[in-house]
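Below is one structure, written out as structure tokens, with a few remarks after it.
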Amino acid sequence: MIPAAFEYHRPDSLASAIAILTEHGDEARVVAGGHSLIPMMKLRMAAISHLVDLQKVGELRGITVAGDTVTIGAMVTQAELIAHDGLAKAAPLLREAALQIADPQVRYMGTVGGNVANGDPGNDMPGLMQCLGATFTLAGPGGSRDVAARDFYHSAYVTERADDEILTKITFTAPSGGYAYEKQKRKIGDYATAAAAVLLTKAGGKVATASVAMTNLSDTPVWSEDAAAALMGSDCGDAAIKVAVTAMLGDIDPQKDNRGPIEFKRHVAGVILARAITRAWSRA
Amino acid sequence: MAKKMQISLTVNGEAHELLAEPRELLIHVLREKLGLTGPHIGCETSHCGACTVDMDGKSVKSCTVLAAQADGATITTIEGLGNPDGLHVLQRMFREHHGLQCGYCTPGMITRAHRLLQENPAPTEEEVRFGMAGNLCRCTGYQNIVKAILAAAAEMNAKEAAE
Ligand SMILES: Cc1cc2nc3c(=O)[nH]c(=O)nc-3n(C[C@H](O)[C@H](O)[C@H](O)COP(=O)(O)OP(=O)(O)OC[C@H]3O[C@@H](n4cnc5c(N)ncnc54)[C@H](O)[C@@H]3O)c2cc1C
Ligand code: FES
Ligand code: FES
């Protein structure tokens, strides 16, 4: 299994990377860690004439935590994200999720930018970014623009990003309160059968704010406003969790595949969300 | 066919300049152009870890790295860790603790374990299992692989303490 032939580019700045994309249009594609793209190229499911490697584009690197604003460069790898203590303190939800992505070898190569730009419903970071209410910055020939993660995903592999745009960074406000990322998978290293990201804050023994997002249960990540609304103002007890799970089930649309039939996936989604809520509440 | 490109690699301490098509995979360059057949091809689909090599201080599945991406990289394969005349402590411990049966997964296992112990010199059993999750073995049931890695860590730490 070898990819079809392509021309390889390794620009050393964002401007030259964008220039190559502009010149070659939809014949060109960027490669970050390559751990979603290269398998697709080997299977000849992605045909690319010009491959633009971002490894030397310095502008896309680095994590900064300034006050409660967190910025993650697109080329930050999962391994770098996990190792960053400042980030783990500001937003422990990210490390908890990243440790459940793939396996060590894949995490050394796979980037946060590639994970969210890919558009594969199986990726874990898109749901997480919806839960956090993150903002993606896209740079193209006409300059740069910000897109909310919650507006970024249109359908499987179809996103708000234009062919000549590069995702440069992800920004979000460090969440307070409790958090949890729960993922059910067939084996370690696998994509989710169902996964849930939950953020909760507590005031006077009741849920003050809530955010809930689900992964691999539709052709895009699902940010379930109804599930969050069901929790707000409640004591986060069994009854409230049941209402939230029912609300979430109204928002997802899983398909039958080698991870199981629809009924099974809906069942697992409910179990996983209940666990995530319980754990987030215990940390709130 | 795309043009070949000049690629520089430092492999097991030796500098190489070679011509490769950008689409060639690192595993093929290592095995077929440099004759390093220690890293194996198991699944070819980024799952099994048999092709694991060390690239710039990271364990990577070399079936999922393009030769072009690796241009300029420093690589260590199992051949660079030890040889029959001077086994690496991990190799000795895999032998002693029966960490292999058919041996197909072993070069990838040991190369990965080497990096794991660089990053975490005294791992717990659980950390070994988590850190080795990208390498599959169809023979051993993993018990003895974990034992071998823990024994290697203990010996490396004992040696360091004595020095
Ligand atoms: C065995 C295995 C198991 C895995 N398990 C999981 C898992 O459990 N959960 C999970 O989330 N992922 C999983 N993955 C996928 C892995 O996390 C990928 O690394 C990730 O999806 C893509 O990141 P990348 O840097 O490798 O991107 P690439 O493969 O390089 O790129 C992916 C896509 O995004 C585009 N892209 C990349 N960077 C940018 C950018 N900055 N701007 C615009 N477009 C960009 C590329 O053009 C390409 O279309 C797994 C992969 C493997 C091989
Ligand atoms: S051959 Fe590379 S992971 Fe299996
Ligand atoms: S010893 Fe046979 S696959 Fe591991």
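In what follows, every chain begins at residue 1, and chains take the letters A, B, ... in the order their sequences are listed.
- No other option in A/Asp53, A/Asp103, A/Val106 has as many heavy-atom pairs under 4.5 Å with chain B as A/Asp103.
- If you measure heavy-atom distances from B/Leu66 to chain A, the contacts under 4.5 Å come from both the backbone and the side chain.
- The greatest number of non-hydrogen atom pairs below 4.5 Å with chain B, out of A/Pro104, A/Ala102, A/Gly189, is found for A/Pro104.
- With a 4.5 angstrom heavy-atom cutoff, B/Thr52 touches chain A only via side-chain atoms.
- Contact count against chain A (heavy-atom pairs under 4.5 Å) is highest for B/Lys58 among B/Lys58, B/His47, B/Glu24.
- Looking at A/Met1, both its backbone and its side chain come within 4.5 Å of chain B, counting heavy atoms on both sides.
- Within a 6.0 Å sphere centred on CD of B/Glu126, heavy atoms belonging to other residues, nucleotides or ligands number 12 at most.
- Ranked by heavy-atom pairs under 4.5 Å with chain B, the list A/Ile38, A/Leu43, A/Ile2 is led by A/Ile38.
- Using bins of under 30°, 30° to 60° and over 60° for the plane-to-plane angle, the ring pair A/Phe136/A/Tyr153 lands in the perpendicular bin.
- For the set A/Ser49, A/Ala4, A/Gly33, the count of heavy-atom pairs under 4.5 angstrom toward chain B peaks at A/Ala4.
- Seen from the ring of A/Tyr179, A/Arg283 counts as a face-on cation partner, given the 6.0 Å and 45° thresholds.
- Comparing B/Gly49, B/Ser46, B/Ala133, B/Gly131 by how many heavy-atom pairs each has under 4.5 Å with chain A, the most go to B/Ala133.
- Of all non-hydrogen atoms in B/Gly99 and B/Thr140, the two that sit nearest each other are O-CG2, 3.8 Å.
- B/His16 NE2: more than 12 foreign heavy atoms inside a 6.0 Å radius.
- Between A/Leu37 and the options A/Asn118, A/Leu51, A/Val30, a side chain to side chain contact (heavy atoms under 4.5 Å, CB included) holds for only A/Leu51.
- By number of non-hydrogen pairs under 4.5 angstrom with chain A, the leading residue of B/Gln69, B/Met132, B/His28, B/Met55 is B/Gln69.
- Remark: side-chain polar atoms of B/Thr10 are not paired, donor with acceptor, to backbone N or O of B/Gly13 under 3.5 angstrom.
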